[in-house]
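Heads up, the thing below is written out as structure tokens.
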2 protein chains.
Amino acid sequence: MPASGEKQPKYQRIAEALKAAVESGQYRAGDRLPGENDLMETYGVARMTARQALGVLQSEGIAEARKGAGVFVRSFRPLRRRGIQRLAQEHWGSGRSIWSADVESRDLVVDQISVSEEGAPEGIARVLGIEPGDPACVRSRRFVLDGKPVLLATSYLPAALVAGTRITEQDTGPGGTYGRLAELGAGPVRFREEIRSRMPTADEATRLHLTTGTPVILICRTAFSEDGRAVEVNEMTLDAASYVLEYDFDA
Amino acid sequence: MPASGEKQPKYQRIAEALKAAVESGQYRAGDRLPGENDLMETYGVARMTARQALGVLQSEGIAEARKGAGVFVRSFRPLRRRGIQRLAQEHWGSGRSIWSADVESRDLVVDQISVSEEGAPEGIARVLGIEPGDPACVRSRRFVLDGKPVLLATSYLPAALVAGTRITEQDTGPGGTYGRLAELGAGPVRFREEIRSRMPTADEATRLHLTTGTPVILICRTAFSEDGRAVEVNEMTLDAASYVLEYDFDA
DNA sequence: ACCCCTAGGATGTCTAGAGATCACGAAGGA
DNA sequence: TCCTTCGTGATCTCTAGACATCCTAGGGGT
């Protein structure tokens with residue numbers, strides 16, 4: 001709790017007033033907030049100062065500016081995404097999804113997909129146990145929920161393992177990539193997920209339509225087959241405002 | 001991959017040049033970057049534009065401005081934090097930590113701790129299966145690594161379960177809270193962790209000494225005993241730049 | 001050798017403008 | 001009725017300054 005007697009920049013005072021108004025329910029999700037011109041007049045500040053105040057709300061993920069339209073209160077309705085382990089315990093072909101049940105009623109589709117064979121980058125190659133530049137099957141996808149892109153995923157598989165199989169096609173068939181790997185005798189039995197969070201790069205912000213101030217969650221999943229070899233690396237970039245990750249464990 | 005022919009704001013061009021220089025190794029972690037005055041001269045732009053360019057690097061967590069000193073490349077040396085399940089599979093008293101081995105050599109301590117009995121807030125009470133306002137044992141801690149605060153944790157336990165036991169003291173003894181719960185016959189056998197990420201509130205930024213542009217990771221862990229009751233809720237706030245979360249699963 | 005203290009330089013805050021770009025609704029034409 | 005065009009207003013980019021605040025290095029005194 002910051003002492004209220006402290007000297008505070010103008011833009012912070014304005015930002016706090018706006019935040020209080022949002023929290024009090026004066027403005028609801030989707031409502032338009034007072035814009036730059038309104039704040040200039042109301043508080044008697046310059047344009048850049050009003051912008052700075054609105055920037056605070058944007059950087060905290062409370063508001064979202066739409067160029068030419070105004071600044072609006074953001075809605076927060078995250079996807080619940082379950083850890084891979086529950087899915088793995090069932091059969092690959094069971095048709096169950098990694099997403100929780102409430103997603104089923106929403107419109108989640110893949111709107112961009114590319115599958116190609118490329119040289120594996122340094123870090124990926126090291127994990128997969130191949131040489132940097134060795135051929136890898138690279139599958140990049142973008143997932144869109146209710147018209148909003150929420151997930152970028154890039155999967156790497158050693159080309160030596162999957163060349164000539166259906167995995168190198170866009171549609172990998174029922175059970176997905178893991179189902180096909182199982183048929184090849186390289187079904188994953190162990191997974192590791194590494195989770196990071198940071199601010200998006202300009203490219204990520206563009207592809208996920210992120211507004212200023214929303215972080216991304218990075219998940220790097222490595223799948224291991226029974227003999228301990230890494231058979232897949234899947235790098236995922238998630239809009240943090242759109243996701244809650246769920247992990248369940250039994251001790 | 002953005003087309004290079006596109007018209008781009010000056011501050012983005014400058015920011016990209018700086019980022020490229022950092023990635024090429026021209027500037028290393030801790031090095032001082034060209035400041036506002038340097039950029040004004042080099043690129044012939046106004047002060048606010050140079051600031052905006054540097055702001056991009058700060059908001060992406062690449063650089064950190066120190067008032068009166070300059071803008072510096074941030075070092076990213078995250079803690080690797082293992083999921084609770086590996087720890088749970090061992091004995092609570094085994095002395096093994098939730099942190100990976102590389103943390104052992106660093107200086108991780110609790111520098112703030114408070115234990116009290118309070119009324120449980122709405123959301124916590126619902127999870128714990130008690131009435132809102134019913135007494136709960138609340139343990140708040142701040143963890144400091146190498147002098148930098150990295151983790152805020154608040155643990156809630158039903159007071160009816162733990163009143164009069166060592167759990168209500170600051171030092172819960174070997175094996176920690178879960179060890180004591182096991183002695184009470186309420187040892188946790190199942191866990192759920194929910195992970196979110198967002199920008200910090202002003203209070204979180206202060207307590208974790210966060211600089212502009214670093215998100216926080218929120219982990220809400222619920223521990224369940226054998227009879228399916230929730231026996232603990234642990235809310236954690238992590239400096240995203242200081243952590244990588246690791247989850248391992250067997251299918 | 002050590003300490004204090006000051007001057008310079010750095011970022012932070014703020015002003016008052018200007019043109020560019022984009023969204024949206026209103027007016028007008030087919 | 002539908003579509004196109006256009007103007008208004010909104011955010012975005014950028015300029016050229018000014019003062020405030022803070023860090024740091026170096027000089028001078030002890």
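Chain letters run A, B, ... following the sequence lines, proteins first and then strands; every chain starts at 1.
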Of the nucleotides [options], which one has an atom closest to the side chain of [X]?
{"X": "B:Val45", "options": "D:dT15, C:dT13, C:dT15", "value": "D:dT15"}
{"X": "B:Tyr11", "options": "D:dC14, D:dT11, C:dT15", "value": "D:dC14"}
{"X": "B:Met48", "options": "C:dC14, C:dA23, D:dT11", "value": "C:dC14"}
{"X": "A:Ala65", "options": "C:dT13, D:dC12, C:dA23", "value": "D:dC12"}
{"X": "A:Arg47", "options": "D:dT15, D:dC12, D:dC14", "value": "D:dC12"}

Rounded to the Å, how far apart are [X] [atom1] and [N] [atom2]?
{"X": "B:Glu36", "N": "C:dG9", "atom1": "CD", "atom2": "C1'", "answer": "11 Å"}
{"X": "A:Met40", "N": "C:dA18", "atom1": "CE", "atom2": "P", "answer": "12 Å"}
{"X": "A:Lys10", "N": "C:dG12", "atom1": "NZ", "atom2": "C1'", "answer": "14 Å"}
{"X": "A:Leu39", "N": "C:dT15", "atom1": "CG", "atom2": "P", "answer": "12 Å"}
{"X": "A:Glu41", "N": "D:dA10", "atom1": "CD", "atom2": "C1'", "answer": "15 Å"}

inquiry  = Here's one to test your reading of the geometry: is the NZ or CZ of B:Arg66 within 45 degrees of the ring axis of B:Phe72 and under 6.0 Å from its centre?
reply    =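 Ring-cation test returns yes.
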Would you tell me if any nitrogen or oxygen in the side chain of [X] comes within less than 4.0 Å of OP1 or OP2 on [N]?
{"X": "A:Arg51", "N": "D:dC12", "answer": "yes"}
{"X": "A:Asn37", "N": "D:dG9", "answer": "no"}
{"X": "B:Thr49", "N": "D:dT13", "answer": "no"}
{"X": "A:Lys67", "N": "D:dG9", "answer": "no"}

ask   = Quick one: are A:Leu218 and A:Met236 in side-chain contact, heavy atoms under 4.5 Å?
value =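 A side-chain contact is absent here, since even the closest heavy-atom pair is not under 4.5 Å.
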request  = Answer yes if the side chains of B:Tyr247 and A:Glu194 hold a donor-acceptor pair under 3.5 Å, and no otherwise.
outcome  =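 No, because no side-chain N or O of B:Tyr247 sits under 3.5 Å from a partner of the opposite role on A:Glu194.
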task = Answer yes or no: is there an ion pair linking A:Asp239 with A:Lys148, defined by an N-O contact shorter than 4.0 Å?
result =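 A:Lys148 and A:Asp239: salt-bridged.
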inquiry  = If you assign B:Arg32 and A:Ala69 each to the DNA chain C nucleotide with the nearest heavy atom, which residue ends up on the more 5' nucleotide?
reply    =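 Between the two, 5'-proximity favours B:Arg32.
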task = Assess whether atom CD of B:Glu41 is packed by more than 12 heavy atoms of other residues, nucleotides or ligands within 6.0 Å.
result =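 Open: at most 12 neighbouring heavy atoms sit under 6.0 Å from CD of B:Glu41.
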